[in-house]
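Atoms within a ligand are numbered from 1 in the order they appear, just like the ligands themselves.
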Amino acid sequence: MTEQLSLNIANCFADRIGSTHGLTRAGFDAAQGRMADLTDRLAAMNKAGETRWRSLCHDPLRSEHLAAVRRIVADTNAHFESRSKGKRCKHLIVLGIGGSALGNIALQAALKEHVHNLTPCTHRVGPRLYVLDNVDPHFVGDLMRHLEIKDPGLTHTAVNVISKSGETAETAAQYMIFRDWLKSNLGDAYRKHIIAITDPSRGTMRSIVDDEGYATLPVPDGVGGRFSVLSPVGLFSAAMCGIDIDALLAGAAAMDRRCQSRSLNDNPAATLAWLLMEFTTRGKGNHVMMPYCNALYSLADWYRQLWAESLGKRLDLAGREVFAGPTPIKALGTTDQHSQVQLYREGPNDKVFAFVDLARWERDVPIPSTLNVDAISYLHGHTLGQLIAAEKRATEYALVESERPNVTITLPRLSAEHVGAFIQLWEVITAYAGLILNINAYDQPAVETGKIATFGLMGRAGFEQWRSKVEERLAPRGKG
Ligand code: PA5
């Protein structure tokens, strides 16, 4: 890869945003040694197999997964073609939530479908992708109704259920509904329309798929949901839809090599982790990711989960209560200039901004010079690409004027390589941030309470006491 993601951090320093809010170059230089130690620690953890997610883009896992995913994609496509010559899978529904959904949505939005899944079948390489990351009955019911109209009999519809555990209530419910729906439309052939991605050897979903005989791909051992997008979890739906998964992993691997550098200047993950954590300790614990590109907006959603679930922790590694964790916020340029920037400039100075932009647009839209109205004729002869770049620059300037720190991550263009690099970058930043905060970045104990209380409320045997606990805790008290 000749071009690479670039990072501009100049707007974080005192010479730009003043000494009250800006960091010093001396502070950055002084952090070199400490961050190099953390780079060594991460390398040691990786060597010990403690950060398996980091190896997804390197061999042997990379080749193993690419081959397995390609095989299942080929089998799935062959099945659809064999049923009727020239026909193909036109609709692919991903069932999953959290780490089993956000990466799939982000890849699709970034690399395939910029305008709400509207491209007709005749103009798209793979199927239309729907990711059901909720159990909202309108959302799910409307999709089923839509597909019954678009694909009567569901002969062109496949379902990809993703759950490491198989016990997640949302995914389990979706799975039951879609299995039943496919079966009542397709008879026993429904089995060929389901591809499951789950733990390779254990868990509820594993035993279901073994009984049902679906094609399966692994959620690799030791890889948590929010770090799994570069595993078959994200790769299968991406490959089905025609995304270059080889390039995605190559981009991630190239970024990972940059993030192994002991020099802070050459290591974008160490640099960003240091900056963001340094600002967090100085009262700027709200971290806004603001892409200036609609296609990259869902990556900000993916980042929100990564940052929030990994870093939001009550206890540090010594068991002390620390209530750590910056708050990730997503915004979209230019849209949120007209919605959030008033707060960002004049509200509390408690935020750091990460702009994400593109150096080059694959397609640009010229603004015609046919309407001659003085107040808007300055736009004549420009393009939307020029306008969005100017707006981003202007917002950067406006934030600097208000002494608000901000960085810019620039993707050379919208490609699988650069999106892969962006994903690996943020995963490694998260690992550094976990070490700086001295917390476990790989568990999510606080999510469990809501999960098991739901089991109790939904009548799962063995969880009855949770129903009473919920009722008791939420019982009306006094007049309030
Ligand atoms: O990051 C995580 O670990 C979570 O978001 C999980 O991905 C999510 O809860 C779904 O879990 P599972 O894949 O077991 O259904």
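Using a 4.0 Å cut-off between a side-chain N of Lys or Arg and a carboxylate O of Asp or Glu, Asp37 and Arg34 do not qualify as a salt bridge. A salt bridge links Arg191 and Asp188; the closest N-O separation between the charged side-chain nitrogens and carboxylate oxygens is under 4.0 Å. The pair Lys47-Asp40 fails the salt-bridge criterion, with no side-chain N (NZ, NE, NH1 or NH2) lying under 4.0 Å from an Asp/Glu carboxylate O. Of the charged side-chain nitrogens involved, at least one lies within less than 4.0 Å of a carboxylate oxygen, so that Arg145 and Asp142 count as a salt-bridged pair.
At most 12 non-hydrogen atoms from other residues, nucleotides or ligands lie less than 6.0 angstrom from CE of Met458.
A donor and an acceptor atom, one from each side chain of Thr408 and Lys392, are located under 3.5 Å apart.
For ligand 1, the protein residues placed under 4.0 Å by at least one non-hydrogen atom are Ile97, Gly98, Gly99, Ser100, Ser163, Lys164, Ser165, Thr168, Gly225, Arg226, Gln305, Glu309, Gln444, Lys451.
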